[in-house]
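Accompanying notes for the structure given below.
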There are 2 protein chains.
Amino acid sequence: MAVSRDQIIVAAIQHLNHDPAASMADIAEATGVSRATLHRHFTGREDLLLALGHRALDRWEEAQEDAGIEQAARSAEPIVITTALREMLSGLIGEAEEYNFALTDLVMSVPELRERGDELEGREIALYRAAQRAGVLRADLPVRWISNTVYGLLLAVRESLNRGDVARRDLPGMLHETFFRGAGEHDPHPGRGERPPEGGSQGGRRP
Amino acid sequence: MAVSRDQIIVAAIQHLNHDPAASMADIAEATGVSRATLHRHFTGREDLLLALGHRALDRWEEAQEDAGIEQAARSAEPIVITTALREMLSGLIGEAEEYNFALTDLVMSVPELRERGDELEGREIALYRAAQRAGVLRADLPVRWISNTVYGLLLAVRESLNRGDVARRDLPGMLHETFFRGAGEHDPHPGRGERPPEGGSQGGRRP
DNA sequence: ATTGTTTGAGACATAGATGTCTCAAACAAT
DNA sequence: ATTGTTTGAGACATCTATGTCTCAAACAAT
């Protein structure tokens, strides 16, 4: 086999990141195989996308395991939890770059993938909960909001890389800093600056 | 006219948020008009999407103007800048809910919309720069990273609303807190409410 | 050189979306 | 009731993507 199934998956992901609406013919061309061969490896488009989704989830799972978040979630040591959080965030940066929103939507729309995604998200949430108990993360924010925040910041990472706004080597530090400490300046000068405003002054304008 | 062009736009946006791959027939049905009438209002799909994109950008622009970010960007007063930032964030929450990623992709792919989006983004970046000069935002983070962070957090807002993770009225405060102070536990701030203090003061650490 | 296998190119039928058109029904205003 | 307009339903041709199939060329292994 000149081109393995795995190589096709990788090339397909790259091309779908470039053009989320790519057709099977586009993908075949970008992969370097004929349309017929693509159909020999994958029954149909659905089958291909399923494989792509599982690949994305594999990587996500690896990032979690490499960071050892399950053990960390059972620990009560702030240091252990903080380290796991940092390593997981750094690991996820690589995923954010490779696996675009197209896969995110895909995972959400296919029940089989969705279940697996929920499972992985659950493990992260367990870590956030442990982090709150250990005083590493704020306990006044809902864990699911924290989880969505991480997801959003990873999209910011991807955007920054795609647009060339930030050097790759600076990203782990920036992501970590922004997640833990935010973008606001604390104690800018020994005087008093702004007061951290609590609560919204106005609700959403349109429901 | 039973259904105005504006009503069609609104209904089309809602339905495309629900199903980003909806066809013209789907949109017509969801809008409550026939396919023929839809084509009487919009030359083709391209024309419809263009109108949708401009509508999204209109709302974004309104949120910026309502917050007065241009004047604030010319100010050096931390209070003025902080207020503008807070109001802009609160205003954008409404947009994040209504205008999904589908429109984000759309804006990026149509040059006419993309230019307008860049212009609006530029105004925000001017505000972030002013905020850095005034000591409101950290000066060690690139403004474009800050801009992308806001974008990512708004997606977290949308996700939280879609999944019912967070009450709508809590979102402005959470967004603001997370953006300015991050998710990490800090030394309890002076003068504001007590939280269930979870012992350890393991603050964020520099990586 | 001779197998047996894999591939690429292309034909083919099918399905779905798009854009245009016609015509009768519904409607508003007089 | 009589206009003039707008709408909905559907027919129609066109285009694109998909999935299946065939067959000759390329290939690897003996």
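Chain A is the first sequence line, chain B the second, and so forth, proteins listed ahead of strands; every chain is numbered from 1.
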Check the distance between D:dT18's C1' and A:Met24's CE and give it to me in whole angstrom.
8 Å
Over how many whole Å does the gap from A:Asp47 atom CG to D:dA17 atom P extend?
20 Å
When you look at B:Arg116 and B:Asp58, which way does the side chain to side chain contact (heavy atoms under 4.5 Å, CB included) test go after all the steps?
CA-CA 10 Å; B:Arg116 225 190 126 190; B:Asp58 288 344; 2.7 Å; yes
Shortest non-hydrogen contact between B:Pro142 and A:Val166, atoms and distance
CG-CG2, 4.4 Å
Could you tell me how far apart B:Leu16 (CG) and C:dA17 (P) are, to the nearest whole angstrom?
14 Å
Would you please name every residue forming a side-chain hydrogen bond (donor to acceptor under 3.5 Å, both in side chains) with B:His18, sequence neighbours left out?
none
So, does B:Gln64 use its side chain to make a donor-acceptor pair with the main chain of B:Leu120 at under 3.5 Å?
yes
Please check this pair: side chain of A:Glu185 against backbone of B:Ala134, looking for a donor-acceptor N/O pair closer than 3.5 Å.
no
In whole angstroms, the gap separating P of D:dG19 from CD1 of A:Ile27 amounts to 11 Å
Shortest non-hydrogen contact from A:Ala130 toward A:Ser75
CB-O, 4.4 Å
Under a plain distance cut-off of 3.5 Å, with no hydrogens placed, do A:Glu29 and A:His15 share a side-chain donor-acceptor pair?
no
Could you give the CG-to-C1' distance, from B:Asp26 to C:dT18, as a whole number of Å?
13 Å
Extract the stems that DNA chain D is part of, considering only consecutive pairing runs of at least three Watson-Crick or G-U wobble pairs, both distances under 3.5 Å.
C:1-30 with D:1-30
Give the rounded distance in Å between these two atoms: CZ of A:Arg45 and C1' of C:dG16.
14 Å
Identify the two heavy atoms, one from B:Arg181 and one from A:His186, that lie closest to each other, and give their separation to 0.1 Å.
CA-CE1, 3.9 Å
Donor-acceptor pair between A:Tyr128 and A:Glu124 side chains, under 3.5 angstrom:
yes
Please produce a list of atom pairs where a protein N or O lies less than 3.5 Å from an N or O of nucleotides 8-11 of chain C.
residue: C:dG8; atom: OP2; partner: A:Ser34; partner atom: N; Å: 3.1
residue: C:dG8; atom: OP2; partner: A:Ser34; partner atom: OG; Å: 3.3
residue: C:dG8; atom: OP2; partner: A:Thr37; partner atom: OG1; Å: 2.6
residue: C:dG8; atom: O6; partner: A:Arg40; partner atom: NH2; Å: 3.0

Separation of atom NE2 in A:His39 from atom C1' in C:dT7, rounded to whole Å:
16 Å
For atom CG of B:Leu38 and atom C1' of C:dT20, their distance in whole Å:
14 Å
